[in-house]
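Given the structure is predicted, the values throughout are model-derived calculations rather than measurements. A note on names: the letters A, B, ... follow the listed sequences, proteins ahead of strands, and every chain is numbered from 1.
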There are 2 protein chains.
Amino acid sequence: METQLLEVFRTVAHLGSITAAARHLRFTQSAVSRQIAALEAEVGTRLLDRLPRGIALTEQGRALLPHADAVLDRLSAARRAVDELDRLDAGRLRVGAFATAVAALVPRALAAFRAAHPAVALSLVEGMTPALLDRLTAGDADVAVVSSAPSGPLDDSRFDLHHLLDEHLLLAVAADHPLAGRRTVRLAELAGESFIAGSPHAERTLLGDSVAAGFRPRIDIVAGEWTGKLGCVAAGLGVALIPVLAARGTPPDIALLRLHPDDEPVRRVYAATVAGRSRPPAVTRFLAHLDQAAAAFTTPL
Amino acid sequence: METQLLEVFRTVAHLGSITAAARHLRFTQSAVSRQIAALEAEVGTRLLDRLPRGIALTEQGRALLPHADAVLDRLSAARRAVDELDRLDAGRLRVGAFATAVAALVPRALAAFRAAHPAVALSLVEGMTPALLDRLTAGDADVAVVSSAPSGPLDDSRFDLHHLLDEHLLLAVAADHPLAGRRTVRLAELAGESFIAGSPHAERTLLGDSVAAGFRPRIDIVAGEWTGKLGCVAAGLGVALIPVLAARGTPPDIALLRLHPDDEPVRRVYAATVAGRSRPPAVTRFLAHLDQAAAAFTTPL
DNA sequence: GGATGTCATGCGCTACTAGCATGGCTGCGT
DNA sequence: ACGCAGCCATGCTAGTAGCGCATGACATCC
């Protein structure tokens with residue numbers, strides 16, 4: 001029972017005439033007549049009584065009509081559903097992101113996205129890069145904002161990596177620190193400084209890469225949150241490295257210096273999607289907003 | 001969006017593979033591949049991600065799938081509905097019949113019909129022949145059991161008349177009446193009898209036709225119901241004509257005589273349906289039961 | 001690294017279906 | 001009362017859509 005036959009049948013039933021239905025559907029009368037005949041042959045019964053003036057539904061025709069209506073209505077609903085998805089008038093977007101990205105980059109992109117496509121349901125999960133990638137492959141997230149270092153290159157061929165930005169590291173020092181007036185600084189100059197880091201083991205901190213190059217920071221204070229680190233820095237307890245992405249709204253008692261390019265560990269930030277799978281429209285669109293948000297973090301310094 | 005495409009799409013989605021779906025649907029892989037491509041072209045989006053091992057639904061595919069399921073399910077429901085109607089596993093039968101037919105003929109036919117097709121909803125309306133025919137044309141009844149005389153020939157070309165029987169008239173006399181032992185009687189012999197009839201005007205009674213032939217019955221008692229008439233007859237108040245159809249379960253104090261064929265007014269009983277319209281399956285089947293029931297009223301005398 | 005699975009696609013053929021024309025039928029209007 | 005106009009069915013023809021048979025590209029598994 002092809003839908004066109006049902007469409008024709010519905011029109012004929014509604015207009016009460018094969019000829020009228022043919023005109024309405026831009027067919028010839030013969031075509032419609034034959035389509036009705038085909039439908040009747042398929043269901044094995046007469047659906048219409050041919051009267052001298054038009055047609056009338058038989059019992060079976062009356063039984064079929066509401067089903068035909070329902071089928072055709074659902075069909076257009078199906079089309080609408082897919083179209084809405086394409087036009088981002090519906091659907092969802094499940095984003096995963098690592099902690100620092102949730103500080104500003106991802107929220108800004110999400111805000112811009114929601115302003116443009118308010119009908120799309122958003123969700124955001126913070127997590128570590130490996131966990132985020134697991135979510136991706138499990139189908140629990142549509143896109144994950146992840147970073148490459150220090151956990152090693154994540155060029156796993158199972159993911160499409162859309163490069164967003166290279167995250168620069170800033171050195172936070174107290175506003176009255178001798179280095180506070182400088183624009184850039186070299187690691188070597190910091191040999192005597194006390195570092196406030198996320199882990200007592202230098203290898204697991206933002207300086208992990210530099211350790212291999214021979215630089216061993218002195219870590220006296222361990223703090224997990226950026227706000228805590230900055231508080232220690234402001235109090236003159238030491239210096240800290242913070243990624244640009246986390247350096248939003250730095251208080252005035254803190255000065256931020258850029259590291260010399262040669263000393264800077266490379267932390268590449270990507271938006272990852274599952275390789276081989278086509279990106280849902282919401283993801284494609286969201287990537288553009290991510291790009292825009294990322295641009296705001298690469299130019300200012 | 002033709003239903004075959006949806007069927008193919010559903011199978012592919014369910015089996016996770018175009019090749020598997022092709023096997024399942026008895027198509028070649030190329031055919032299925034092309035049908036999916038056609039569906040995708042029609043909705044304007046990719047519905048499947050082609051993976052090295054089978055396929056996976058895209059966001060749009062996931063959105064379409066439940067609709068496809070619903071459409072196909074409804075489609076088979078439609079087919080079932082029509083089939084049930086044809087097999088008399090559903091539907092309704094609305095019968096109209098004149099008063100005497102409701103006494104026994106129609107109830108017996110209905111009972112037999114219901115025994116054979118319990119799923120069909122039955123309804124029965126009693127009425128006069130013209131009103132019944134109006135119900136038919138108005139579409140409020142499916143079949144009407146009507147009688148031709150005395151209201152004149154009803155060969156209106158708007159109806160298909162299925163002849164059921166010629167209703168014979170019986171003369172009811174008291175068991176101790178002089179005529180009680182006879183098998184047949186002529187009208188001329190009844191000139192002196194007192195008639196119990198439905199109307200004081202002989203023209204409007206069952207003898208209406210005979211009036212034209214010169215027979216004028218003496219009507220002393222008017223009774224509308226057959227039971228009332230028979231009561232009067234049994235009490236020796238007179239004689240009465242009753243149609244065979246109403247002579248069911250006659251009490252023992254009544255004797256029934258047949259009129260001489262030449263004196264008998266012809267009352268032809270038909271099952272009428274609207275001309276030009278195909279008969280619903282229930283009606284066709286019911287006519288057979290009516291024929292059977294009618295046979296029981298023609299043979300016994 | 002060959003073998004085997006996946007899906008896409010060019011090619012030829014068939015079969016469906018649309019249009020055109022005609023014919024039969026019925027009811028309307030003159 | 002009779003022709004006419006409208007309705008639907010159908011024989012015929014042409015275009016095309018869709019199938020199967022190949023083959024090709026690609027990735028995985030043994």
Output a table of nitrogen or oxygen pairs between the protein and nucleotides 9-13 of chain C separated by less than 3.5 Å.
unit_1: dG10(C); atom_1: O6; unit_2: R34(B); atom_2: NH2; d: 2.7

Find every protein N or O atom lying less than 3.5 Å from an N or O atom of nucleotides 25-30 of chain D, and list the pairs.
none

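With ring centers used as reference points, Y270(B) lies under 6.0 Å from H163(B).
Ranking dC7(C), dA18(C), dA9(D) by closeness to the I18(B) side chain, first place goes to dC7(C).
By the 4.5 Å heavy-atom criterion applied to side chains, R46(A) and Q60(A) are not counted as neighbours.
For the pair S17(A) and dC8(D), the criterion of a side-chain N or O lying under 4.0 Å from OP1 or OP2 is met. Proximity of Q4(B) to the phosphate of dC19(D): a side-chain N or O atom is located under 4.0 Å from OP1 or OP2.
Residue R277(B) places its CZ atom among 12 or fewer non-hydrogen atoms of other residues, nucleotides or ligands, all under 6.0 Å distant. Within 6.0 Å of CZ in R79(B) there are more than 12 heavy atoms belonging to other residues, nucleotides or ligands.
Proximity of a side-chain donor or acceptor of D49(B) to a complementary backbone N or O of S278(A) within less than 3.5 Å is detected.
Across all strands shown, E2(A) has no heavy atoms under 4.0 Å from either base or sugar-phosphate atoms.
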Could you tabulate the donor-acceptor pairs under 3.5 Å formed by side-chain atoms of residues 9-38 of chain A, not counting sequence neighbours?
unit_1: R10(A); atom_1: NH1; unit_2: D69(A); atom_2: OD1; d: 3.2
unit_1: T11(A); atom_1: OG1; unit_2: E7(A); atom_2: O; d: 2.9
unit_1: S17(A); atom_1: OG; unit_2: T19(A); atom_2: N; d: 3.2
unit_1: S17(A); atom_1: OG; unit_2: A20(A); atom_2: N; d: 2.9
unit_1: T28(A); atom_1: OG1; unit_2: A31(A); atom_2: N; d: 3.4

